[in-house]
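Structure first, commentary second.
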Amino acid sequence: MGRQLPHPAGARTIGPLREGQRVRILAPSASPVAVSIGGRTFDATGAECSPFAREEVTVGENSYRYRVRASGFWQVHREAPATLIDLVTRAAEVEPGDHILELYAGAGLLTVPLARATGATGRVESLEGARTAVEDARANLRPYPWARARTAAISVRDMSDADILLADPPRSGLGIAAARAAAASRARRIVLVSCDPAALARDVAAMVESGRSVESMRAVDLFPNTHHFEVVTALR
């Protein structure tokens with residue numbers, strides 16, 4: 001028979017948990033370990049704490065700081081944020097003064113480095129369907145007033161005349177209509193981040209059939225032991 005382990009000094013009991021309740025254990029890079037349960041956040045002692053995690057991502061000589069809601073989305077693999085920033089910024093080939101449109105921007109993981117790359121003469125518009133993620137993105141973009149995050153359900157009408165179009169859709173991908181609309185935009189470069197091979201093939205094929213050409217495609221295994229992997233595709 002197993003024995004019950006003693007609680008650390010000063011620890012509190014969290015619970016009871018309701019059936020089906022989601023529990024998230026966070027190990028952020030720039031704030032203490034925390035547990036998110038049912039919209040509440042607790043520290044390692046069981047005391048309720050800030051609902052935000054702090055992340056710091058270093059890519060080469062650049063460092064980026066983020067505030068992310070504990071119940072929100074952040075990359076699970078610890079190397080994913082830096083890897084994605086590196087791959088996407090290389091693929092985008094941003095120039096100072098560029099106008100960038102980012103779809104499915106989340107809390108601004110990619111928006112922040114893109115905003116820094118365009119500089120104050122540029123413009124970055126990020127769209128995201130989750131209101132709380134947009135709130136985090138706005139907080140993360142405060143040092144970059146030329147970057148704006150807004151809540152929107154992504155549609156083909158959002159493929160505006162930006163210099164660079166970046167899309168990081170959910171596993172289902174852009175879809176044929178949105179991929180064709182992206183290809184028809186005046187963007188000199190399109191960067192697509194895909195995490196499902198079938199969605200990737202469908203979306204890229206739709207853009208190529210609409211006149212775009214693939215310039216580069218880089219794959220990284222951010223989901224070990226699954227058939228999913230992250231692919232960053234650059235088209236012109």
Side-chain angles (χ1 to χ4, degrees), residues 29-30 54-68 74-75 79-128 133-152 154 157-169 174 178-179 181-194 203-204 207 210-218 220 230-236:
S29 59
R54 303 284 174 174
E55 298 284 353
E56 183 171 358
V57 183
T58 300
V59 183
E61 297 180 351
N62 296 309
S63 183
Y64 309 98
R65 290 182 174 272
Y66 301 88
R67 182 204 85 176
V68 185
W74 189 253
Q75 294 292 334
E79 301 296 333
T83 300
L84 289 174
I85 288 174
D86 181 54
L87 291 179
V88 167
T89 52
R90 287 175 184 270
E93 294 186 357
V94 179
E95 298 175 4
D98 272 342
H99 171 202
I100 299 176
L101 174 65
E102 181 185 5
L103 308 179
Y104 305 98
L109 170 65
L110 301 173
T111 322
V112 170
L114 292 173
R116 189 180 295 184
T118 66
T121 58
R123 181 158 60 101
V124 180
E125 297 177 86
S126 74
L127 305 184
E128 165 60 43
V134 172
E135 291 173 359
D136 287 339
R138 287 173 177 165
N140 296 326
L141 290 169
R142 283 188 188 123
Y144 312 97
W146 55 92
R148 183 181 66 159
R150 63 185 176 92
T151 307
I154 310 300
R157 297 189 302 273
D158 294 315
M159 311 300 177
S160 68
D161 292 333
D163 299 306
I164 298 169
L165 175 60
L166 166 64
D168 185 6
L174 276 177
S185 73
R186 77 167 185 88
R188 72 170 187 269
R189 296 184 74 79
I190 299 171
V191 180
L192 175 65
V193 183
S194 310
D203 292 346
V204 171
M207 286 190 273
S210 299
R212 295 286 179 164
S213 59
V214 175
E215 187 170 279
S216 66
M217 186 177 285
R218 295 286 302 277
V220 288
E230 205 86 356
V231 180
V232 177
T233 305
L235 303 99
R236 54 182 173 83

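Of all heavy-atom pairs between N140 and V112, the closest is O-CG2, 3.8 Å. Considering all non-hydrogen atoms of both residues, E56 and S63 come closest at OE2-OG, 2.8 Å. The two residues T121 and P96 have their closest heavy-atom pair at OG1-C, 4.0 Å. Summarising the geometry of A80 relative to Q75, their closest heavy-atom pair is CB-CB, 3.6 Å, with the distance given to 0.1 Å. Smallest separation of non-hydrogen atoms from V94 and L114: CG2-CD2, 3.8 Å. Between A115 and V124, the closest heavy-atom pair is CA-CG2, 3.8 Å.
The line from CZ of R150 to CG of L127 is 4.5 Å long, rounded to the nearest 0.5 Å. Between atom OG1 of residue T58 and atom CG of residue D86 there is a gap of 12.5 Å, rounded to the nearest 0.5 Å. Between the CD1 atom of I85 and the CG atom of N62 there is a distance of 9.0 Å, given to the nearest 0.5 Å. Note that the CD1 atom of I164 and the CD1 atom of I190 stand 11.0 Å from one another [nearest 0.5 Å]. Put simply, CG on L166 and CG on L103 are 7.5 Å apart, with the number rounded to the nearest 0.5 Å.
The closest donor-acceptor contact from the side chain of W146 to the backbone of G119 lies under 3.5 Å. Remark: the backbone N or O of G106 is paired with a side-chain donor or acceptor of E128 at under 3.5 angstrom. A side-chain donor-acceptor contact under 3.5 Å links Y66 to the backbone of L109. Between the side chain of E55 and the backbone N or O of S29, at least one donor-acceptor pair lies under 3.5 Å.
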Just do the side-chain contact (heavy atoms from CB on, under 4.5 Å) check on T118 and R123 with the steps written out, would you?
-> CA-CA 7 Å; T118 66; R123 181 158 60 101; over 6 Å; no
side-chain contact (heavy atoms from CB on, under 4.5 Å) between M207 and L192, intermediate numbers included | CA-CA 11 Å; M207 286 190 273; L192 175 65; 3.8 Å; yes
Test log, rule side-chain contact (heavy atoms from CB on, under 4.5 Å), inputs V191 and L87 | CA-CA 10 Å; V191 180; L87 291 179; over 6 Å; no
Do S126 and R138 pass the side-chain contact (heavy atoms from CB on, under 4.5 Å) test, and can you show the C-alpha distance, the side-chain angles, and the key distance before you say yes or no?
-> CA-CA 10 Å; S126 74; R138 287 173 177 165; over 6 Å; no
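Annotation for R218: atom CZ does not count as buried by contact number, only 12 or fewer foreign heavy atoms lying within 6.0 Å.
Checked against salt bridge (Lys or Arg N to Asp or Glu O under 4.0 Å), R189 has the following partners two or more places apart in sequence or in another chain: E93, E215. For D163, the side-chain contact (heavy atoms from CB on, under 4.5 Å) partners are D98, H99, R186, R188, not counting sequence neighbours. Contacts of R54 classified as side-chain contact (heavy atoms from CB on, under 4.5 Å), with partners at least two apart in sequence or in another chain: A30, S31, R67.
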